[in-house]
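Every heavy atom of this structure was used, including side-chain atoms; hydrogens, water molecules and symmetry mates were not. In what follows, chains carry the letters A, B, and so on, assigned in the order in which the sequence lines appear, proteins first and then strands, with residues in each chain numbered from 1.
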There are 2 protein chains.
Amino acid sequence: MLNDSARLDLAFHALADPTRRGFVARLTRSPATVSELARPLRMSLPAVMQHLRLLEASGLIRSEKKGRVRTCRVEPKALAAAELWIGEQRALWEGRLDRFETYVEELKDRESRNG
Amino acid sequence: MLNDSARLDLAFHALADPTRRGFVARLTRSPATVSELARPLRMSLPAVMQHLRLLEASGLIRSEKKGRVRTCRVEPKALAAAELWIGEQRALWEGRLDRFETYVEELKDRESRNG
DNA sequence: GGAATCGTTAAGCACATGCTTAAGTATCGC
DNA sequence: GCGATACTTAAGCATGTGCTTAACGATTCC
């Protein structure tokens, strides 16, 4: 089992590449197939596959295959975890723990409405 | 000159390592010297230096040398940029651009008070 | 059934990462 | 000045990343 730190490693690493951030950005708008994601890029399909595998391993996206088509969609929880870590640092930097707590509640609230 | 995407690459990559996140977390509390950062770790000083160099290149921290001591501190702007990107994705996922705009204003506001 | 479509696996290659040890340099305290 | 302190540089090494091409597998369409 993966601990929180290892999950953050994977999430941040996944986000550290413009192609992968592009996929996440594309998938936030709506789900898409592997070919749809690959089409605008000048990159071989296997390369796209590797990025998607990494994104899926990080928990940022999930995918499902029906027939010969694989459809991908975002999984907002991993994104929220990364945002939460950064938010925590800023809260501490700002020296306002109270504000951090309301921030966490806000995030949880959004998640429960959308996740 | 570095564009936004390249900056995000550097910032997320810097955050994708637990040692470096540890440094950022430590430095959010207060500035620290290289040795202070290295002390709790079982890692050679050159290894620590490399992490710090990367953190500084990413803009997440800055450092200054006085005499033989180098003191490091966080630079919250790069952190805010990373958080902003994630926040944007969530806003789009939630389908509420209006909410995103208030979120941006909120971030800018915090920055101007703290940066 | 055979061709086109969509995805997947495997192999390989150039380069980056994350450490190490060994050997510097620059300051500080006496 | 001289030893201790606080980095810093350089070299090297195992492993990981991000691509490629070539070949394979599984559906779908006619």
message: Is there a salt bridge (Lys or Arg N to Asp or Glu O under 4.0 Å) between Glu56(A) and Arg62(A)? Walk through the geometry before answering.
response: CA-CA 5 Å; Glu56(A) 194 154 8; Arg62(A) 67 195 151 90; over 6 Å; no
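- Side-chain atoms of Leu45(B) and Val34(B), non-hydrogen and from C-beta on, do get closer than 4.5 Å to each other.
- To the nearest angstrom, C1' of dA26(C) lies 17 Å from NZ of Lys66(B).
- One interatomic measurement links the two molecules: NE2 of His51(B) to P of dT17(C), which rounds to 12 Å at whole-angstrom precision.
- Between Arg53(A) atom CZ and dT8(C) atom C1' the separation is 8 Å, expressed in whole Å.
- There is a path of hydrophobic side-chain contacts, each under 4.5 Å, that joins Val74(A) to Val48(A).
- OP1 or OP2 of dT8(C) has not a single side-chain nitrogen or oxygen of Arg68(A) nearer than 4.0 Å.
- For the 3.5 Å distance criterion, the side chains of Ser5(B) and Arg21(A) qualify, holding a donor opposite an acceptor.
- As rounded to the nearest Å, dC6(C) and dA23(D) have P atoms that lie 22 Å from one another.
- Of the two residues contacting DNA chain D, namely Met43(A) and Gln50(B), the nearest-nucleotide position lying further toward the 5' end is that of Gln50(B).
- Rounded to a whole Å, the CG atom of Leu54(B) is 10 Å from the C1' atom of dG18(C).
- You'll find the side chain of Thr19(A) reaches within 4.5 Å of the side chain of Met43(A), heavy atoms only.
- Straight-line distance from the CE atom of Met49(A) to the C1' atom of dA10(C): 13 Å, rounded to whole Å.
- The residue Arg39(B) sits apart from the nucleic acid: no heavy atom pair falls under 4.0 Å.
- Between chain A and DNA chain D, the heavy-atom contact criterion of under 4.0 Å yields a 5' to 3' nucleotide range of dT17(D) to dT28(D).
- Summary of the strand contacts: Leu45(B) and Leu45(A) both lie near DNA chain C, and taking for each the nucleotide with the nearest heavy atom, the more 5' one is attributed to Leu45(A).
- Residue Arg20(B) places at least one side-chain N or O closer than 4.0 Å to OP1 or OP2 of dG18(C).
- A donor-acceptor contact under 3.5 angstrom links the side chains of Thr28(A) and Gln89(B), judged on distance only.
- Taking the nucleotide of DNA chain D with the nearest heavy atom to each of Ala16(A) and Gly67(A), the more 5' of the two is matched to Ala16(A).
- The side-chain heavy atoms of Ser63(B) and Arg73(B), taken from C-beta on, include no pair separated by under 4.5 Å.
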